[in-house]
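The chains referred to below are lettered A, B, ... by the order of the sequence lines, with proteins before strands, and numbering in each begins at 1.
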Protein chains: 2
Amino acid sequence: MSGADHRATIVDVAERAGVSRQTVSRAMNDMPGISAATRERVLRAAQELSYRPSRFGRGLVEQGPITVGLVVEDLSNSYFAELGAAVVRACAPHGWNVVLAEAVHAPDPDAVAADLARRVDALVGYGVLTAALRGAGGMPVVQLDGTPEQLADGGVVEIARQEAAAELADHLRERGVRRPVVVDLAVRGSASRSGVLAAALAPLAAGGEVPIRAVDARRGHEEALREILADGADAVIAFNDELAVRLLRALRALEVPVPERLRLVGVDGLEIASLVTPELTSLAIDIEEVAACTVELVSGMLAGTVPLSGEGAHRAVPYRLEVRAST
Amino acid sequence: MSGADHRATIVDVAERAGVSRQTVSRAMNDMPGISAATRERVLRAAQELSYRPSRFGRGLVEQGPITVGLVVEDLSNSYFAELGAAVVRACAPHGWNVVLAEAVHAPDPDAVAADLARRVDALVGYGVLTAALRGAGGMPVVQLDGTPEQLADGGVVEIARQEAAAELADHLRERGVRRPVVVDLAVRGSASRSGVLAAALAPLAAGGEVPIRAVDARRGHEEALREILADGADAVIAFNDELAVRLLRALRALEVPVPERLRLVGVDGLEIASLVTPELTSLAIDIEEVAACTVELVSGMLAGTVPLSGEGAHRAVPYRLEVRAST
DNA sequence: TTGAAAGCGCTAACAA
DNA sequence: TTGTTAGCGCTTTCAA
């Protein structure tokens, strides 16, 4: 008889200890007004039954804190890891809890958000939210790095690339770049970012067209770079900093000097970009600011001062060009 | 009357829509057996009242998934970020949710774990757990990077450094190192790790003693290195990889060749260690394995097959020496 | 298609 | 010091 077929409740413990439910509650919560002997007896009974208070029963009475669900693509990507950290940090002052979930690696990525939606007070996500969140009626939903079209389904924190991408084009033009290449990752949702970059850089390019080349996140970089160099490229804009750092390493192996032979640009502005040699120029995004906007939206939605969708639930955070040694 | 003084409940919606609570439930959850017109009316009423179903009420009935609380020191430290990611990933196959919390930055760091303990089914933490978790009676608690002494309070996943540290000593001896220095961070809990490292390296050192020098995480590295070099040191073991990477950058600025003039070793085995030049030798810890052990412990504790404390709740994950170019 | 009743596990307030 | 009562908000089961 190791365990029961259902989890012990406060009533089971009360019966076993021969006291009332309330006394069990007092013992479990270190409340005053209970004799040491009784507490002892109750705690023993609880232990014998492997009793653990239900967080739902408790929450129902105590009105627990707001819980925000955060769904990201892949936590092994530093960008999402930093984003998660920033959201956790931004929620802390409100006393909110954050449940973190990852879409990739899940059996059914699309179900992650829907599942989580039933367990939290607000849902924040990155490229994984659909309008079809069963039982999410009225729940604040914020799409990160979303587009204005998505405002129909909920709030959107947009990450505005246009301006900084234009700045980058100017910067590269000054440096004499004539044949930039965008190196993309073959992951879901990457096309739009790469497209914007390529479009912004088009004026630089000889034929008015900037090639976009997809690579694997972790493999085959040297070969890809060899081909890119053979094509005469003089600048590479990587999909993100992590890829840029890997490309940098591959370039070192190929003994291609950066920035002399090839200029290299990352996107995201992660810490790692400034820790490598040469330090990476990056289209940086202020992750703290994204998190702050997100929390502001959610907070307003919960309070009723921000609409759950539409233009009033739209925030934009601009990229910022950080010029460093790699260009 | 924009908002009510208390959050609307299902009853409020039912009244407003002129239906029963069940009908509201049916409408909110897209269940069958309700006419389109009624659903419409209910949803409108819900919207007007800003009604959002309580996750506690729901959870009470539905028996939601296990929720694990994870308390780490500081998510802006990549090590904790990777750990958090690994735990989230290890919990996913069980269908568990993970609530992530950070101790540093919190108004009362010691209260973070205690607070969270009331909202979750199990608590996993890093250097922040005390035995005094009010209301945590019977709850699985796992201390990460804990010591066997802490087994009195709960489970412990120990990170065993001794063996790999001895390996490191051998490795450095082969390289001719005579004056190693341990560079520590002035953060809580760092003393023990540095002490173990210094002790393991003591046989190498001329006087049988390895100096431990504390630095700030992000500042003053060049000055500290200048002094270290002036003292004649020929190897630096940094508290973690992040610090090692920063030291590497500072050494580059000082034009000190690594490993020729100074050998450099990190601790943690983060991805970043292999992305810099020269790649960093590191005492690597298998974070996935730590997460797996943690989940195994928690799972067993919940099932009753692993005791909540004592030797049966002890797991150890060894460090592994990864030799790369920096030594 | 709708409603009524029951119960999920817990704690706060009050009574003994 | 202990027990009793009364909800907390929701879904499931059964009845109309």
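- Among the atoms of the strands shown, only primed sugar atoms or phosphate atoms (P, OP1, OP2) are found under 4.0 Å from some heavy atom of A:Ile34.
- Not a single donor-acceptor contact under 3.5 angstrom links the side-chain atoms of A:Arg52 to the base of C:dG9.
- Both B:Arg26 and B:Ser54 sit near DNA chain D, but only B:Ser54 has its closest nucleotide nearer the 5' end.
- Nearest nucleotide to the side chain of A:Gln63, out of D:dG9, D:dT1, D:dT11: D:dG9.
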Enumerate, atom names and distances included, each donor-acceptor pair closer than 3.5 Å involving a side-chain atom of residues 292-309 of chain A, sequence neighbours excluded.
{"residue": "A:Thr294", "atom": "OG1", "partner": "A:Val290", "partner atom": "O", "Å": "2.7"}
{"residue": "A:Glu296", "atom": "OE1", "partner": "A:Arg315", "partner atom": "NE", "Å": "2.7"}
{"residue": "A:Glu296", "atom": "OE1", "partner": "A:Arg315", "partner atom": "NH2", "Å": "3.4"}
{"residue": "A:Glu296", "atom": "OE2", "partner": "A:Arg315", "partner atom": "NH2", "Å": "3.2"}
{"residue": "A:Thr305", "atom": "OG1", "partner": "A:Gly300", "partner atom": "O", "Å": "3.4"}

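- You'll find that the side chain of B:Thr23 is closest to C:dG3, out of C:dG3, C:dT11, D:dT11.
- Among the nucleotides D:dT1, C:dT2, D:dG3, the one closest to the side chain of A:Ser35 is D:dT1.
- Between B:Thr38 and C:dT2, a side-chain N or O to OP1/OP2 separation shorter than 4.0 Å is present.
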N/O to N/O distances under 3.5 Å, protein versus nucleotides 5-7 of chain C:
{"residue": "C:dA5", "atom": "N6", "partner": "B:Gln22", "partner atom": "NE2", "Å": "2.7"}
{"residue": "C:dA6", "atom": "N6", "partner": "B:Arg21", "partner atom": "NH2", "Å": "3.2"}

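- Separation of atoms CE (B:Met139) and CG (B:Leu123) is listed at 7.0 Å; rounding is to 0.5 Å.
- A:Met139 has its CE atom 16 Å from the P atom of D:dG9, to the nearest Å.
- Listed by first and then second residue, the side-chain hydrogen bond (donor to acceptor under 3.5 Å, both in side chains) pairs involving residues 38-47 of chain A are A:Ser35-A:Thr38 (not counting sequence neighbours).
- Distances were taken from every side-chain heavy atom of B:Val19 (C-beta onward) to each of D:dG3, C:dG3, C:dT2; the shortest belongs to C:dG3.
- The side chain of A:Glu62 approaches C:dT11 more closely than any other nucleotide in the set C:dT11, D:dG3, C:dG9.
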